[in-house]
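Take a look at the structure below.
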Amino acid sequence: MPGWQIALFMMIGYLVIALVVGMLAGRGRDSSSLNEFAVAGGKLNLFVMWFLMGGAVFSAFSFLGAPGWAFSKGAPSLYILTYTAFAILPWYIIGPKIGRIGKKNNLYTVAAFMKGRFNSPALAIIVGLIALFASVQYLATQMSGMALIFNVMTEGRIPVWLGALVSYGIVVIYVATGGLRAAAWSDVFQGLLMIIISWAVGLTIVYQLHGGTTEMFATIARETPEFLQIGKTGSTMGSMAYTSTILVSVIGFLMWPHLFSKSYATTPKTIKKTVLAYPVFALFLIPLLLVGFAARGVVDSGQLDSPDQILPFLITTVLNMPGWLYGLVGAGALAAAMSTADAITHSASLEVTDGVIKNIWKKLSDTKTLLIMRIGVFVIGGIAYYITVFGGQGLIALLLGAYGSIVQFAPGVYSALYWRRVTTKGVISGLVVGTLVNYYFQLVASTTPFEIHAGILGLIANVVIMIVVSYLTKAPNVADVSKYVDAK
């Protein structure tokens, strides 16, 4: 049997198992409960939380984009390890506080959190819309990865549109039916699978091509030393671009609704334990980055349509590995993409419903709200699918573009928790200006000043405008402030 057929059967088998796990996770629970769908009753344990949060790291970019960046840019790709290890640390402090506020006020979204602090439906609508745009961009990253892995592992026999439709269709089904709990337990299964595969396959490729990591890096240092440098003449990325890329990723990490809302899905004690255990996930990215370095000097970039293809290209073309290994890598990459896609799809639906729809049509029952959230899963999935099929950006470009939008929530969130003088008008003004600046440099301008990431430029404008407008407008009500700033 040809290798591509074995790979196809294995990937389909994985998708069936993922669907079953997701569907079974929601059985025996109250399917009509909004609280259960949104935050799994607020009772997820450490084991599940570790994998649920880890799914945000192990995504399509881990198996495809990370090796692609290591192959095309070299040392700058190590930014991925930096933000993976450190970005979660502020959650140790703000996570428990957000969780207590949410439990007291029955919150489960960023939009509701901001509305509660600043007493502004308009702000909730803006947050919901920005979350939608950024989440769709992030979802397109995952769906592009799913489609790419199907296409390459079957030697082009499964087109992009079909690979994305089948794999993401599975995600939509179990998220719409089982909510956060289905996504969480699917992530446990998917996380175990991709951790094992990343180390096994990554090290196998390095040793087959170079005999070990020492020999690999010695060859690169001798032949293309600039590939192992950052910010120097000849390196693939300037120091400012590298620094601002890390900064936007670190600050934006906890502002993602699918991560922010996890503060509502567990206890303060579990949040702190998760923060301490979480950086271990960074270790599982190392072999995937090594794959990209291993391909230097072995694969010519002209042989690829995109650097994101380097891992499957090595397996299917350069090393000509057996079909079962094709399938194993394909299943691991699908698991990585789906473990993030399910959480993003779920949270995006919550944010749009809670932030936009409920503040336009104010008298919605919990039953109708839940129905809209489930419908939203399909609608948001459809938008992301369209971008995936007709868009042209690489996985890392899509990911960093999405971070530029979501990082704009940070000034408002931290001010809501710790700054008494910030005002509603200040937060709204800063958020709108910061978002517009980010999108201008992403979509209109051809370059950014000093190679600074567009999201950081937006964030600087955001903070300045928020502070200035806050001091020019009337101080907020003391009671509104104390229920967040003084939350115990």
Side-chain angles (χ1 to χ4, degrees), residues 2-4 6-7 10-11 14 57-78 80-81 84 145-146 148-155 191-224 227-228 236 281-337 394-396:
W4 71 268
I6 298 173
M10 290 183 67
M11 289 188 290
Y14 157 74
V57 175
F58 257 112
S59 62
F61 99 90
S62 300
F63 268 79
L64 302 173
W69 252 50
F71 171 68
S72 61
K73 294 187 177 296
S77 64
L78 298 178
I80 298 169
L81 295 179
T84 300
M146 297 176 200
L148 178 62
I149 203 67
F150 258 110
N151 184 260
V152 175
M153 290 304 182
T154 61
E155 300 175 2
L192 290 170
L193 179 66
M194 56 196 176
I195 285 168
I196 295 170
I197 292 174
S198 68
W199 275 100
V201 174
L203 294 183
T204 297
I205 289 175
V206 171
Y207 277 87
Q208 284 206 19
L209 292 177
H210 297 279
T213 54
T214 301
E215 294 83 355
M216 177 184 73
F217 282 114
T219 300
I220 296 174
R222 183 175 60 253
E223 298 178 356
T224 53
F227 195 69
L228 300 178
T236 59
F281 259 98
L283 299 177
F284 304 134
L285 290 165
I286 293 174
L288 297 173
L289 289 169
L290 292 177
V291 167
F293 284 101
R296 292 292 298 183
V298 176
V299 178
D300 187 288
S301 58
Q303 295 176 268
L304 307 172
D305 294 329
S306 165
D308 298 332
Q309 297 177 350
I310 190 62
L311 174 57
F313 182 80
L314 286 172
I315 293 170
T316 59
T317 305
V318 177
L319 297 174
N320 196 26
M321 291 183 170
W324 63 267
L325 192 57
Y326 285 28
L328 197 62
V329 173
L334 286 175
L395 299 184
I396 292 291

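Just the heavy atoms: all of them, side chains too, but no hydrogens, waters or symmetry mates, feed the values below. Along the sequence shown, residues are numbered consecutively beginning with 1.
Going from atom CD1 of I205 over to atom NE2 of H210 covers 10.5 Å, rounded to the nearest 0.5 Å. Here the CD1-CG distance, from I196 to L328, works out to 9.0 Å after rounding to the nearest 0.5 Å. The structure places CD1 of I220 at 12.0 Å from CD of E215, a figure rounded to the nearest 0.5 Å. Between the CD1 atom in I80 and the OG1 atom in T84 there is a gap of 7.0 Å [rounded to 0.5 Å]. The structure places CE of M153 at 10.5 Å from CE of M10, a figure rounded to the nearest 0.5 Å. Summarising the geometry, atom CG belonging to L304 is positioned 5.0 Å from atom CD1 belonging to I310; distances are rounded to the nearest 0.5 Å.
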What donor-acceptor contacts under 3.5 angstrom involve side-chain atoms of residues 282-300, with partners at least two apart or in another chain?
residue: R296; atom: NH1; partner: F71; partner atom: O; Å: 3.1
residue: D300; atom: OD1; partner: G302; partner atom: N; Å: 2.7

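Side-chain contact between Q309 and L64: absent, with no pair of heavy atoms (C-beta onward) separated by less than 4.5 Å. Side-chain contact between V206 and M216 is present, with heavy atoms from C-beta onward closer than 4.5 Å.
Each of D308, D305, L319, V318 was evaluated against F313; a single residue qualifies, V318, per the side-chain contact (heavy atoms from CB on, under 4.5 Å) test.
Y14 is linked by a ring-ring contact (aromatic ring centres under 6.0 Å, His included) to F189, counting only residues two or more places apart in sequence or in another chain.
Listed for the T317 side chain is no donor-acceptor partner under 3.5 Å among the backbone atoms of L314.
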